[in-house]
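The next block holds one structure in the form of structure tokens; read it before the comments.
The first residue of the sequence shown is numbered 1, and numbering continues consecutively from there.
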Amino acid sequence: MAEETVQELRASFASGRTRRAEWRAEQLKGLIRMIDEKEAEISAALHEDLAKPHMESYLHEISITRSSCKFALDGLKSWMKPEKIPAALTTFPSSAQIVPEPLGVVLIISAWNYPFILSIDPVIGAIAAGNAVVLKPSEIAPATSSLLAKLLPEYVDNSCIKVVEGGVAETTSLLEQRWDKIFYTGNGTVGRIVMAAAAKHLTPVALELGGKSPVVVDSNVDLHVAVKRIVVGKWGCNNGQACIAPDYIITTKSFAPELVASLKRVLERFYGEDPLQSADLSRIVNSKHFRRLTELIEEKSVADKIVYGGEVDEKQLKIAPTLLLDVPQDSAIMTGEIFGPLLPIVTVEKIEESFDLINARPKPLAAYLFTKNKKLQEEFVADVPAGGMLVNDTVLHLANPYMPFGGVGDSGMGCYHGKFGFDCFSHKKGVLVRGFGGEANARYPPYTTEKQKILRGLINGSFIALILALLGFPREKR
């Protein structure tokens with residue numbers, strides 16, 4: 001099945017259909033129509049998979065995906081144009097350009113936590129770049145996967161863009177095929193499997209993974225505004241099940257009580273006295289992840305560190321927003337990505353000590369800082385490596401189509417969004433064009449001492465050497 005699908009797509013790509021600007025634009029317009037006409041169905045599928053609030057589904061998935069389509073459609077012609085670049089003196093006279101060309105047939109494996117946008121957004125980049133595509137949605141979000149398999153063939157060219165559903169067996173079968181690029185969104189464990197499979201065919205990969213995204217909170221902030229932005233970035237993003245959600249807070253010992261008190265007030269205001277009944281909180285995706293998260297806060301050295309929340313409802317697969325203060329650094333909640341509604345707060349004597357704490361861990365996908373101190377901000381940007389960074393807010397950097405989105409180190413490789421998505425699925429081909437004039441006899445054997453002088457002069461940028469070469473010195477014997 002997988003082999004036949006790839007063969008069919010290779011034939012479609014070889015026909016040249018996907019290379020045309022008109023075809024690319026038609027597919028992007030089709031995706032916009034799909035989003036406009038099927039918004040209610042998309043939102044319902046997201047609610048079925050994750051109990052995701054409809055407002056969240058619209059804000060974080062549907063509207064951003066539509067904007068991404070529109071952005072690519074508006075930029076398509078300029079992105080496709082060859083880029084003129086300077087020609088070197090050694091190739092004078094000549095012209096040079098960089099020509100973006102599609103890679104070919106690409107595989108996109110998406111994640112369950114944002115199953116619509118994480119499926120369609122990379123597809124937008126792949127289509128804009130002129131590729132044939134296989135999309136493998138996550139089986140852990142079955143309603144959205146099924147909807148994508150049903151809708152996409154109705155709105156885009158099914159001979160060039162296909163959806164393959166299934167679990168581990170189907171994904172394994174897909175990974176056994178030869179692709180021109182594999183784009184995977186998920187966790188590092190599966191990312192390593194994807195990379196190993198790609199290595200067999202020397203296939204390039206883009207890995208959008210995760211990590212423990214820190215939030216450093218200085219004491220000189222507008223605390224109420226800062227806390228609202230932290231809360232909505234953590235619990236207002238799929239109840240913490242987001243790759244760029246704040247994973248832990250670092251603040252000073254002296255400021256921690258005030259910060260905790262403000263977090264409690266805002267959480268109660270947003271989600272009520274019984275957050276397990278709030279319609280504005282997504283549920284945990286399945287019982288496996290529910291058990292994983294409950295085990296984190298049941299750990300003996302962690303359970304007595306809970307300062308707010310901790311309530312669970314296994315029947316609803318819901319866990320209340322939970323704050324923990326100064327949990328042990330070697331506990332499971334601090335050694336792996338949480339990916340849920342638990343938020344540890346780590347305290348230090350001086351806020352500058354937070355940098356060493358962050359840098360002692362693998363590089364995160366996102367890093368956040370709240371401060372009015374410009375010097376601290378500059379040091380944070382300069383000294384903390386991360387996939388992306390945001391000062392005085394959380395997660396919103398994702399919404400800027402002019403910025404690249406991607407990880408570094410353990411949090412991933414490669415980036416996309418906007419033109420970066422087009423570039424992700426393109427090969428930048430250098431093209432040099434020369435005429436038949438401007439023959440430099442010095443480049444041809446036999447390599448005499450005179451020729452060597454002229455060639456060395458050319459390489460070192462000598463104008464005199466260029467003139468001598470263009471005049472045909474030393475003279476060629478015929």
Side-chain angles (χ1 to χ4, degrees), residues 208-234 237 240 242-263 266 323-330 333-338 343-400 402-415 417 420:
E208 296 298 331
L209 308 177
K212 295 187 75 63
S213 296
V215 184
V216 176
V217 183
D218 198 4
S219 58
N220 66 346
V221 295
D222 184 325
L223 184 58
H224 183 60
V225 172
V227 164
K228 286 194 297 180
R229 292 175 180 181
I230 292 169
V231 169
V232 81
K234 176 69 171 182
C237 286
C243 58
I244 56 171
D247 192 272
Y248 64 105
I249 289 175
I250 307 175
T251 195
T252 59
K253 278 183 172 36
S254 59
F255 189 61
E258 194 176 344
L259 175 61
V260 169
S262 184
L263 282 164
V266 170
L323 302 173
L324 306 99
L325 186 61
D326 281 329
V327 298
Q329 287 294 309
D330 60 353
I333 201 170
M334 288 305 297
T335 54
E337 184 180 9
I338 295 168
L343 185 61
I345 300 166
V346 177
T347 62
V348 291
E349 293 297 334
K350 295 180 179 179
I351 201 68
E352 289 80 7
E353 295 171 24
S354 60
F355 294 8
D356 289 337
L357 270 179
I358 297 167
N359 292 339
R361 303 179 184 280
K363 297 171 184 176
L365 183 59
Y368 305 110
L369 170 68
F370 286 84
T371 188
K372 292 179 181 178
N373 185 332
K374 290 296 181 185
K375 185 173 182 295
L376 184 69
Q377 176 184 321
E378 289 169 3
E379 290 173 352
F380 187 75
V381 171
D383 297 341
V384 175
M389 205 167 260
L390 181 52
V391 177
N392 294 331
D393 211 326
T394 62
V395 309
L396 280 184
H397 61 298
L398 186 78
N400 186 336
Y402 295 96
M403 289 176 65
F405 178 77
V408 59
D410 284 17
S411 60
M413 61 180 71
C415 62
H417 287 185
F420 296 98

Note to self: Given 3.5 Å as the limit, does a donor-acceptor pair link the side chain of Ser262 with the main chain of His224, or not?
What the structure shows: no

Check: Taking Asp247 for the side chain and Ile338 for the main chain, is one N or O donor matched with an acceptor at less than 3.5 Å?
Finding: yes

Check: Which heavy atom in Val384 sits nearest to a heavy atom in Ala367, and how many Å separate them?
Finding: CG1-CB, 4.3 Å

Next item on the list: Search all heavy atoms of Ile250 against all heavy atoms of Ile351 and return the closest pair with its distance.
Entry: O-CD1, 4.1 Å

Margin query: Let's go through Leu263 and Val231 carefully: what are the C-alpha distance in whole Å and the side-chain angles of both, what is the deciding distance for side chain to side chain contact (heavy atoms under 4.5 Å, CB included) to 0.1 Å, and is it a yes or a no?
Written below: CA-CA 7 Å; Leu263 282 164; Val231 169; 3.9 Å; yes

Check: How far does CE of Met403 sit from CG of Leu398, to the nearest 0.5 angstrom?
Finding: 9.5 Å

Note to self: To the closest 0.5 Å, what do you measure between CG (Asp393) and CZ (Arg229)?
What the structure shows: 4.5 Å

Next item on the list: Determine the interplanar angle of the Tyr368 and His397 rings, folded into 0 to 90°, and report it as parallel if under 30°, tilted if 30 to 60°, perpendicular if over 60°.
Entry: perpendicular

Note to self: Minimum heavy-atom separation for Ala226 and Phe370, please, with both atom names.
What the structure shows: CB-CD2, 3.5 Å

Notebook entry, point to check: When you check the gap from the basic side-chain N to the acidic O, do Lys375 and Glu379 get nearer than 4.0 Å?
Noted result: yes

Item checked: Side chain Asp326, main chain Thr347, donor-acceptor under 3.5 Å -> yes

Notebook entry, point to check: Between Lys253 and Pro257, which heavy-atom pair has the shortest distance, and what is it?
Noted result: O-CD, 3.4 Å

Notebook entry, point to check: Distance-only, no hydrogens or angles: does the Ser411 side chain make a donor-acceptor pair with backbone N or O of Val408 under 3.5 Å?
Noted result: yes

Next item on the list: Output the distance between atom CG (Asn220) and atom OG1 (Thr371), rounded to the nearest 0.5 Å.
Entry: 4.0 Å

Next item on the list: State whether the side chain of Thr251 and the backbone N or O of Val217 hold a donor-acceptor pair below 3.5 Å, judged by distance alone.
Entry: yes

Checklist line | Contacts of type ring-ring contact (aromatic ring centres under 6.0 Å, His included), residue Tyr248, not counting sequence neighbours | finding: none

Check: What heavy-atom pair brings Ala256 and Leu325 nearest, and what distance separates the two atoms?
Finding: CB-CD1, 4.4 Å

Note to self: Within the structure provided, determine whether Val381 and Met389 are in side-chain contact (heavy-atom separation under 4.5 Å).
What the structure shows: yes

Notebook entry, point to check: Out of curiosity, Asn392 CG to Lys372 NZ, how far, rounded to the nearest 0.5 Å?
Noted result: 9.0 Å

Check: Are Leu365 and Leu209 side-chain neighbours, meaning at least one heavy-atom pair lies under 4.5 Å?
Finding: no

Next item on the list: Could you walk me through whether Leu369 and Gln377 pass the side chain to side chain contact (heavy atoms under 4.5 Å, CB included) test, one step at a time?
Entry: CA-CA 7 Å; Leu369 170 68; Gln377 176 184 321; 4.2 Å; yes

Notebook entry, point to check: Is a side-chain donor or acceptor of Asn359 paired with a backbone partner of Asp383 at a separation under 3.5 angstrom?
Noted result: yes

Item checked: salt bridge (charged side-chain N to carboxylate O under 4.0 Å, His left out) partners of residues 359-371, not counting sequence neighbours, each pair once -> none

Next item on the list: Working to the nearest 0.5 Å, report the span between CG of Asp218 and CZ of Phe255.
Entry: 8.0 Å

Checklist line | Separation of Leu376 CG from Ser354 OG (nearest 0.5 Å) | finding: 7.0 Å

Note to self: Using modelled atom types and a 3.5 Å cut-off, is there a donor and acceptor pairing between side-chain atoms of Asp410 and backbone atoms of Pro364?
What the structure shows: no

Notebook entry, point to check: Which heavy atom of Val327 sits nearest a heavy atom of Pro344, and at what distance?
Noted result: CG2-CB, 4.1 Å

Next item on the list: For the residue pair Val215 and Leu343, establish whether any side-chain heavy-atom pair is separated by less than 4.5 Å.
Entry: no

